[in-house]
Amino acid sequence: MKKIYNPKKIEPKVQDFWNRTKTFEVDEVPDTDKFYCLTMFPYPSGQLHMGHVRVFTISDVIARYQRMQGKHVLQPMGWDAFGMPAENAAIKRGIPPAKWTYQNISDMRNQLDRIGYGYDWRREVTTCRPEYYRWEQWLFTRLFDKGLVYRKNAIVNWDPVDQTVLANEQVIDGRGWRSDAPVERREIPQWFMKITDYAQELLDGLENLDGWPDSVKSMQRNWIGRSEGIELAFDVEGDRDPLWVYTTRPDTLMGVTYMAVAAEHPLAVEIAAQNPDISNFLQECKKIHAAEAMLETMEKKGMPLGISAIHPITSEKIPLWVANFVLMGYGTGAVMAVPAHDERDWLFAKKYGLPITQVIEATDGTRIDISEEAYVSYGRSVNSDFIDGMEFDEAFEAIADRFEHEGRGRRTINYRLRDWGISRQRYWGTPIPIIYCDKCGSVPVPDDQLPVVLPEKVEFTGVGSPLKDMPEFYEVACPQCGNPANRETDTFDTFVESSWYFSRYASPDCDTAPFDEREAYWMPVDQYTGGIEHAILHLLYSRFYQKIFRDLGLSSADEPFKNLLTQGMVLKDGAKMSKNKGNTVDPQGMIDRYGADTVRLFMMFAAPPEQALEWSDAGVQGAFRFLNRFWKAVQLHVEKGRPTDLVADMLNSAEKDLRRKTHQTIFKVSDDIGRRYTFNTAIAASMELLNAVTRFRHSSDQSLSVEREALNTIVVVLSPIVPHICHELWELLGHDRAVVDEAWPIFDEKALWQETLEIVVQVNGKLRSRIAIAADASKEDVEAEALNDENVRRFIGDRKVKKTIIVPGRLVNIVV
RNA sequence: GCCGGGAUGGCGGAACUGGUAGACGCGCCGGAUUCAAAAUCCGGUUCUGGUAACAGAGUGCGAGUUCGAUUCUCGCUCCCGGCACCA
């Protein structure tokens with residue numbers, strides 16, 4: 001009588017076993033090999049989606065594998081609980097954001113439990129709880145004292161109808177998403193963190209992140225955007241201050257034919273005061289969407305300011321323009337334009353009929369036609385006065401020396417990275433712990449008044465933040481002078497919460513500091529897994545925070561994440577799953593139908609983790625079919641009775657073949673899961689082994705033992721991926737200990753030995769034959785055997801063999 | 001626009017360090033089982049020609065390096081992620 005594979009029955013049973021035995025609860029055990037396995041925590045939207053299932057499964061597989069390697073594994077879970085969707089739900093359905101969020105968390109926790117993830121739930125962190133954000137506020141006041149936070153004006157998208165600040169995402173084609181009114185740029189005072197103080201260290205630190213993908217390091221490097229250049233002063237006509245520009249190409253100085261300033265530049269503002277056309281242009285610039293992508297793709301426009309700068313070498317007049325593509329926030333807010341050697345300057349010059357002067361020629365004599373396109377490569381200076389004939393480095397130094405000597409220039413290192421604006425004009429976030437006093441200015445909230453608790457019972461209208469209508473929240477006494485003062489009503493960017501939650505997991509109950517000495521045991525994270533979309537912002541802010549904690553003496557780790565795995569998206573019909581497109585697949589429905597193991601198996605099998613994964617219902621069925629075959633194979637095997645002890649020397653050739661396959665599989669799967677993280681190929685190898693078992697015919701009393709070894713192997717190596725079925729089958733195979741507590745198997749090198757190998761024979765690089773050859777055959781023997789092959793001889797014909805290439809154990813290539 | 005990544009059978013993917021292209025799974029085709037169907041099991045399956053043996057072509061497109069290129073180099077096309085207030 002055979003038992004049928006019934007995941008509905010075994011999965012809750014196995015999960016109950018893990019809970020009862022507290023399998024995944026871990027404490028700090030000094031001098032043990034720890035492994036901190038982490039995924040980017042989810043936003044509690046209420047619906048677990050396939051993207052979540054994918055990351056969490058990848059991480060769970062790694063955690064279970066490391067556990068079987070004997071590591072002390074921590075795998076926590078928590079909630080990135082502040083954010084806009086809660087406010088949107090409140091507007092739409094009238095549920096307070098807090099209530100909505102807590103309900104979602106509870107729902108999602110239940111969903112996660114059914115997939116069998118090995119979390120230590122005692123360490124759950126929820127960022128919208130005062131116990132958590134209290135330490136964020138605490139840290140902010142420390143940074144305030146150290147001068148690492150400051151307030152300045154910054155531009156936001158303003159919806160004039162809803163009287164609300166909009167996120168970039170809420171601006172669609174320049175209009176508010178709900179009001180449809182044209183969005184305006186508005187400058188308001190906001191808080192910033194000085195991440196730029198750490199720009200160089202964040203850049204240098206990338207060199208040591210060997211466990212990170214090159215693509216992510218490269219993106220961060222470019223984002224930080226270090227450049228070496230010179231700031232130069234150009235005199236301006238009339239009784240005006242000199243105009244400073246930053247350039248990385250001082251070698252093109254003699255090719256400057258015009259200059260451009262940002263719309264917010266004081267010079268532009270000054271001229272606009274007397275010139276209505278300029279004033280209109282500046283007004284027009286205010287309508288540009290705040291996102292950089294918009295700025296870069298929009299039409300480049302400008303207007304002459306009607307005044308000129310003086311070229312510092314030739315003393316010629318250079319017209320000054322105001323242009324919509326010059327950024328006030330980068331460099332000095334003004335640029336010298338060299339249309340001959342800069343693409344954007346070239347297009348702008350062509351558009352407005354400005355002169356183009358070539359001052360660089362190619363060193364290899366390539367002809368350059370600057371009337372066709374700009375020549376932007378480095379080269380040799382021409383028509384350039386005292387730097388004529390110099391190449392880039394020499395010209396750079398010559399200009400720098402001369403201008404520094406004259407006091408009108410300085411060598412400067414610039415970063416593209418900007419300080420982190422952390423103010424949000426929203427309700428559902430961590431209150432910024434600052435009190436504004438007429439007398440004392442901006443006063444940080446003292447420790448004994450923390451946390452500043454966000455009121456959770458609010459009326460939410462969607463017009464502005466409800467905190468602005470709550471005098472009981474913002475009317476306070478100044479902590480310094482005691483006079484009536486106003487509390488800040490802005491909240492933190494939610495990236496602040498996600499920049500340090502991983503440290504909090506180490507000691508989530510600590511109520512005297514963000515974390516305690518347990519942090520030193522667990523940090524840094526050994527394996528961090530999350531979406532590639534976080535390659536820059538979240539991962540850079542987290543690295544920044546880690547350095548702050550270090551510099552405050554709270555942590556000894558320089559970097560938060562030792563190894564990083566960035567997983568691809570889950571697609572359906574070639575597109576990202578989203579409610580808008582109506583192409584979502586609900587994980588819950590799939591688990592109800594096939595069980596958690598099937599969903600886990602399909603997710604890991606369908607693609608390697610970094611790649612986008614195309615969802616396929618048929619593929620899921622295939623995964624389910626495999627688990628059924630697997631289940632049946634073990635049942636059938638066990639019915640054959642108890643095997644005798646395996647004696648390797650007594651095996652016949654069929655038994656040796658299966659045993660070789662078993663040990664090859666251990667080798668391959670260990671490498672695939674442990675090093676390569678290619679779970680798809682690990683599963684494929686296990687499937688091959690099961691296929692071999694199915695085809696295997698018993699031929700001696702050792703056959704059952706060899707078959708047993710093969711099945712034991714499949715159960716153990718698949719247990720990180722499909723832990724429930726493997727738990728059950730392991731028990732069925734007669735083991736006392738649960739498979740989750742087993743050690744990872746080690747392959748037997750002797751079992752891999754093969755007497756004859758198949759070698760490929762090519763003639764002129766084309767496959768012509770395969771020959772069987774003894775594993776220890778000499779090169780000469782291999783060559784002779786290859787030349788002797790009938791098909792090979794046919795292709796050589798009467799042509800002469802020029803040379804023979806032999807790759808030992810693999811191939812022979814005969815060149816004629 | 002800029003930065004990063006991707007493209008391989010009908011489909012998801014494999015080929016790890018330049019050495020057998022298509023492992024494994026899905027789908028499809030044929031067979032077994034069944035009154036029949038589902039499920040299951042066995043066999044086949046890149047394309048073209050050939051009963052077959054075998055031959056020719058083939059990894060987005062166009063060049064190049066090499067005895068040999070999915071893999072390296074150069075130039076394109078299309079798709080995806082990020083671009084600082086989505087998380």
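By convention in this document, chain letters (A, B, ...) are assigned in the order of the sequence lines, proteins followed by strands, and residues within each chain are numbered from 1.
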**Prompt:** When you measure from the side chain of A:Met219, which nucleotide among B:rU20, B:rG4, B:rA87 comes out closest?
**Reply:** B:rG4

**Complete:** Partner of B:rG10 under the Watson-Crick or G-U wobble criteria, both distances under 3.5 Å, comes out as B:rC26

**Prompt:** What heavy-atom pair brings A:Thr489 and A:Ser465 nearest, and what distance separates the two atoms?
**Reply:** O-OG, 4.4 Å

**Item:** Pair A:Arg185-A:Glu264, salt bridge (Lys or Arg N to Asp or Glu O under 4.0 Å): steps then yes or no
**Value:** CA-CA 12 Å; A:Arg185 275 151 78 92; A:Glu264 296 91 353; 3.2 Å; yes

**Message:** Tell me whether the rings of A:His534 and A:His538 are parallel (<30°), tilted (30 to 60°) or perpendicular (>60°).
**Reply:** perpendicular

**Request:** Using the C1' atom as the reference point in each nucleotide, state the distance between B:rU65 and B:rA15 in Å, no decimals.
**Result:** 22 Å

**Rounded P spacing from B:rC28 to B:rC79 in Å** = 31 Å

**Prompt:** Base of B:rG9 relative to its sugar, syn (within 90° of 0) or anti?
**Reply:** syn

**Prompt:** So what's B:rG1 paired with, Watson-Crick or G-U wobble, going by both distances under 3.5 Å?
**Reply:** B:rC83

**Proximal nucleotide (of B:rG19, B:rG82, B:rC86) relative to the A:Leu811 side chain** = B:rG19

**Message:** Checking A:Thr430 against A:Glu497: is there a side-chain donor and acceptor pair closer than 3.5 Å?
**Reply:** yes

**Request:** Let me know, please, whether A:Val807 or A:Ala623 comes out on the 5' side of the other along RNA chain B by nearest nucleotide.
**Result:** A:Val807

**Message:** Can you check the distance between B:rA38 and B:rG82, where both ends of the measurement are the P atom (answer in whole Å)?
**Reply:** 44 Å

**Asked** Does the side chain of A:Arg768 get closer than 4.0 angstrom to OP1 or OP2 of B:rA55 through an N or O atom?
**Response** yes

**Request:** Measure up the A:Trp631 and A:Tyr5 rings against each other and bin them: parallel (under 30°), tilted (30 to 60°), perpendicular (over 60°).
**Result:** tilted

**Request:** For B:rC3 versus B:rA14, give the span between their P atoms, rounded off to a whole number of Å.
**Result:** 28 Å

**Complete:** Quick note, A:Arg426 side chain, CB onward, closest among B:rC85, B:rC83, B:rU20 is B:rC85

**Prompt:** When you check the side-chain N and O atoms of A:Ser769 and A:Asn791, is any donor under 3.5 Å from an acceptor?
**Reply:** no

**Message:** Quick check on B:rU66: is either OP1 or OP2 less than 4.0 Å from any side-chain nitrogen or oxygen of A:Asn813?
**Reply:** no

**Request:** Establish, with yes or no, whether the OP1 or OP2 oxygen of B:rA57 is under 4.0 angstrom from a side-chain nitrogen or oxygen of A:Lys766.
**Result:** yes

**Request:** Grab the CG-P distance between A:Asp80 and B:rC86 for me, whole Å please.
**Result:** 13 Å

**Item:** A:Phe602 and A:Trp615 aromatic ring geometry - parallel, tilted or perpendicular at 30°/60° bounds
**Value:** perpendicular

**Request:** Sugar-phosphate means primed atoms, P, OP1 and OP2; the rest is base. With that split, encode nucleotides 37-47 of chain B 5' to 3' as B, S or - using protein heavy atoms under 4.0 Å.
**Result:** ---SS------

**Message:** When the P atoms of B:rC74 and B:rG5 are compared, how many Å lie between them, rounded to an integer?
**Reply:** 13 Å

**Request:** Looking at every strand, decide which applies to A:Gly225 at a 4.0 Å heavy-atom threshold: base, sugar-phosphate, or nothing.
**Result:** nothing

**Asked** Does B:rA84 have OP1 or OP2 sitting under 4.0 Å from an N or O in the side chain of A:Asn168?
**Response** yes

**Prompt:** Between A:Arg416 and A:Gly765, which is nearer to the 5' end of RNA chain B once each is assigned its nearest nucleotide?
**Reply:** A:Gly765

**Asked** Any chance the side chains of A:Trp500 and A:Tyr132 put a donor and an acceptor closer than 3.5 Å?
**Response** yes

**Message:** Checking contacts here: which listed nucleotide (B:rU20, B:rG1, B:rA87) is nearest the side-chain heavy atoms of A:Ala293?
**Reply:** B:rG1

**Prompt:** A:Val760 near the nucleic acid: base, sugar-phosphate alone, or nothing, with a heavy-atom cut-off under 4.0 Å?
**Reply:** base

**Nearest listed nucleotide, side chain of A:Ala167, among B:rC16, B:rA87, B:rC85** = B:rC85

**Message:** Is it the case that the side chains of A:Thr196 and A:Asp419 hold a donor-acceptor pair, with the cut-off being a distance below 3.5 Å and no angle test?
**Reply:** yes

**Message:** Please give the distance between the C1' atoms of B:rU46 and B:rC11 as a whole number of Å.
**Reply:** 13 Å

**Pairwise P distance, B:rC16 and B:rG6 [rounded to whole Å]** = 15 Å

Identify all pairs in which a protein N or O lies below 3.5 Å from an N or O of nucleotides 6-15 of chain B, and state each distance.
residue : atom : partner  : partner atom : Å
B:rG12  : O2'  : A:Ala606 : O            : 2.7
B:rG13  : OP1  : A:Ala612 : O            : 3.4
B:rG13  : O3'  : A:Asn680 : ND2          : 3.3
B:rA14  : OP1  : A:Asn680 : ND2          : 3.0
B:rA15  : OP1  : A:Arg676 : NH1          : 3.1
B:rA15  : OP1  : A:Arg676 : NH2          : 3.0

**Message:** Need the pair for B:rG49. Rule: Watson-Crick or G-U wobble, both distances under 3.5 Å, any strand; none if unpaired.
**Reply:** B:rC54

**Request:** Ignoring hydrogens and angles, state whether a donor on the side chain of A:Trp212 or A:Gln220 is under 3.5 Å from an acceptor on the partner side chain.
**Result:** no

**Message:** Roughly how many Å apart are B:rG60 and B:rU71, using the C1' atom of each and rounding to a whole number?
**Reply:** 16 Å

**Request:** Only one of A:Tyr150, A:Phe495, A:Tyr541, A:Phe192 passes ring pair (Phe, Tyr, Trp, His ring centres under 6.0 Å) with A:Trp420; say which it is.
**Result:** A:Tyr541

**Short side-chain N/O contact from A:Arg424 to OP1 or OP2 of B:rC85, under 4.0 Å** = yes

